[in-house]
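Labels below follow one simple rule: chain letters A, B, ... track the order of the sequence lines, proteins then strands, and each chain is numbered from 1. These numbers were taken from a predicted model, which means no experiment stands behind them. These numbers come from the heavy atoms of this one structure, side chains and all, not from hydrogens, waters or symmetry mates.
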There are 2 protein chains.
Amino acid sequence: MAATPPPPGSPAWWAARPAPSRSAPAEPRRGRPSLDTAHIVGTALRLVDEHGTQAFSLRMLAEALNSGTATLYRHFDGKDEILAYVVDRVLGEVDLDALADTTDWRETLTVTARRFHTTLSRHPHTLPLLIAYVPVGPHGLDRRERVLGALLAHGLPAALAARAFTAVTHYVIGFTAQQCGPSTTPDHAAELAAFYGGLDPDAYPSLLRAARSLTSVAVDEEFEFGLTLLVQGLAPLVRA
Amino acid sequence: MAATPPPPGSPAWWAARPAPSRSAPAEPRRGRPSLDTAHIVGTALRLVDEHGTQAFSLRMLAEALNSGTATLYRHFDGKDEILAYVVDRVLGEVDLDALADTTDWRETLTVTARRFHTTLSRHPHTLPLLIAYVPVGPHGLDRRERVLGALLAHGLPAALAARAFTAVTHYVIGFTAQQCGPSTTPDHAAELAAFYGGLDPDAYPSLLRAARSLTSVAVDEEFEFGLTLLVQGLAPLVRA
DNA sequence: ACCTGAACACCGTTCAAGT
DNA sequence: ACCTGAACACCGTTCAAGT
């Protein structure tokens, strides 16, 4: 049977890459390129940010690099591979330096969630890409290691640390995606409020009651609310 | 200035649709069609499940319906519109009848999370689509109304009910996506374990310690863990 | 009047022809 | 030896020609 190659972004695929502790492979696939891979990935991220994953194309990328689409294939195996590096580069932008100053695991989790939220908010079009895999590129692994290291250092048992990290990152991804996802308008909250306002009150009584109670609540406060739920829910498990 | 039409799936776009409390518009856009819209959406969902969003094409859909691509445009404005109805149809599969038997808000939230998880797990390729918007199609609104109705009936304050619903659904989407996302293999957990096993222990000490402590933990148990965090974290806020 | 084959302007990817 | 223009087989979408 012919072995199908692992899809770009999957653990098996990353395992076959060299790990240069950078977001792009250290050397070109073959030959001496006129473009370095980090520049390609950076330009690709900028284009995805500006135009969205849907409109992003290799022709667009090649033109931005003053090159041709065929040239891109000397550096990457195809579009999916480029996007896998784009996702890892976004994770590389998550600044976790503040973890060094945290004094307990609660603060570590809170800071982690806020930093991921900040970075992901800046790259909403990459969220559907981030969803597709457990991100195990070089930067993704580095961020996971640093957060788990801080949690373990503050005495959280390993099993709890791993699951707390999973729960918190899943929450951040889900929240950020629906708050400022790839297709949401700048004034998404207002648009949603207007939509709810136009609904039949008899058909959706509970929904409208709940929506009214939230109209004055800032989005940031909603984020902190769910985060507090997770952290507070973890506390009794740690003591036990 | 020319008003750009709202993108399919957005609140403003759904607001302009008739609300026939079905997952597809009750009547064809014009004329008398040989295909009904529900059949088109159902076939589209089957194809997305089988081939993924990436490979799904209007030509593929037209062929499965023994029709041509141009015919699809008599029923829908384009591919994005069809996919918006596909997402809403998936939400229509979430079975919340068990909410009638719940006796408190904790049970309501737990049942809601499990039911969403069950349905979303069956349609992993639709998760990136679900991420893009707050789902306010007919079925999405109906599910939101029913959950909020049950929470309010059990005495949860409206503001807490709304935010608890948001936190729980975001958690479920994030968890399901990374557990059985569009590109994950059937034995994703084993693949991930093999990947971690191949990492340098000196480079990722905390990550590997955490991963080892989870190897024997079932995925279902991980889901329940995060869910418990959210529900337990909510309890003190309700009493206050 | 309604439907749709065929065309249009793209896309990701490949490869033979260039330097 | 390395690079890349041009082609290939698609794609979503449109519309004029059919019935």
Does some side-chain heavy atom of [Y] sit less than 4.5 Å from a side-chain heavy atom of [X]?
X	Y	value
A:Val168	A:Phe116	no
B:Leu192	A:Val136	yes
A:Phe56	A:His125	no

By nearest atom, which of the nucleotides [options] is closest to the [X] side chain?
X	options	answer
B:Ser67	C:dC15, D:dT13, C:dT4	C:dT4
B:Ala70	C:dT4, D:dG5, D:dT13	C:dT4
A:Arg74	C:dT14, D:dT13, D:dC2	D:dC2

Under-4.0 Å salt bridge between [X] and [Y]:
X	Y	value
B:Glu50	B:Arg46	yes
A:Arg17	A:Asp88	no
A:Asp95	A:Arg143	no

Find the distance [X]:[atom1] to [N]:[atom2] and express it as a whole number of Å.
X	N	atom1	atom2	answer
B:Lys79	C:dC11	NZ	P	14 Å
A:Asn66	D:dC3	CG	P	16 Å
A:Phe76	C:dG12	CZ	C1'	16 Å
B:Leu65	C:dT4	CG	P	12 Å
A:His75	D:dT4	NE2	C1'	12 Å
A:His51	C:dC11	NE2	C1'	16 Å
A:Tyr73	D:dA7	OH	P	18 Å
A:Asp77	C:dT13	CG	C1'	12 Å

Notebook entry, point to check: Near DNA chain D, under 4.0 Å by heavy atom, which residues of residues 53-61 of chain B?
Noted result: B:Phe56, B:Ser57, B:Leu58, B:Arg59
Check: Any idea which heavy atoms bring B:Ala62 and B:Thr69 closest together, and the distance?
Finding: CB-N, 3.6 Å
Check: Nearest heavy-atom pair of A:Gly226 and A:Tyr171: which atoms, and what distance?
Finding: CA-OH, 3.3 Å
Notebook entry, point to check: Dot-bracket for DNA chain D, 5' to 3', with Watson-Crick and G-U pairs under 3.5 Å, [ ] for crossing pairs and | for other-strand pairs: what is it?
Noted result: ||.|||||...|||||.||
Check: Side chains of B:Thr119 and B:Glu93: donor-acceptor distance under 3.5 Å anywhere?
Finding: no
Check: Is B:Thr71 near enough to C:dT4 that one of its side-chain N or O atoms lies under 4.0 angstrom from OP1 or OP2?
Finding: yes
Note to self: Would you measure the distance from the C1' atom in C:dG12 across to the matching atom in D:dT14 and give it in whole Å?
What the structure shows: 23 Å
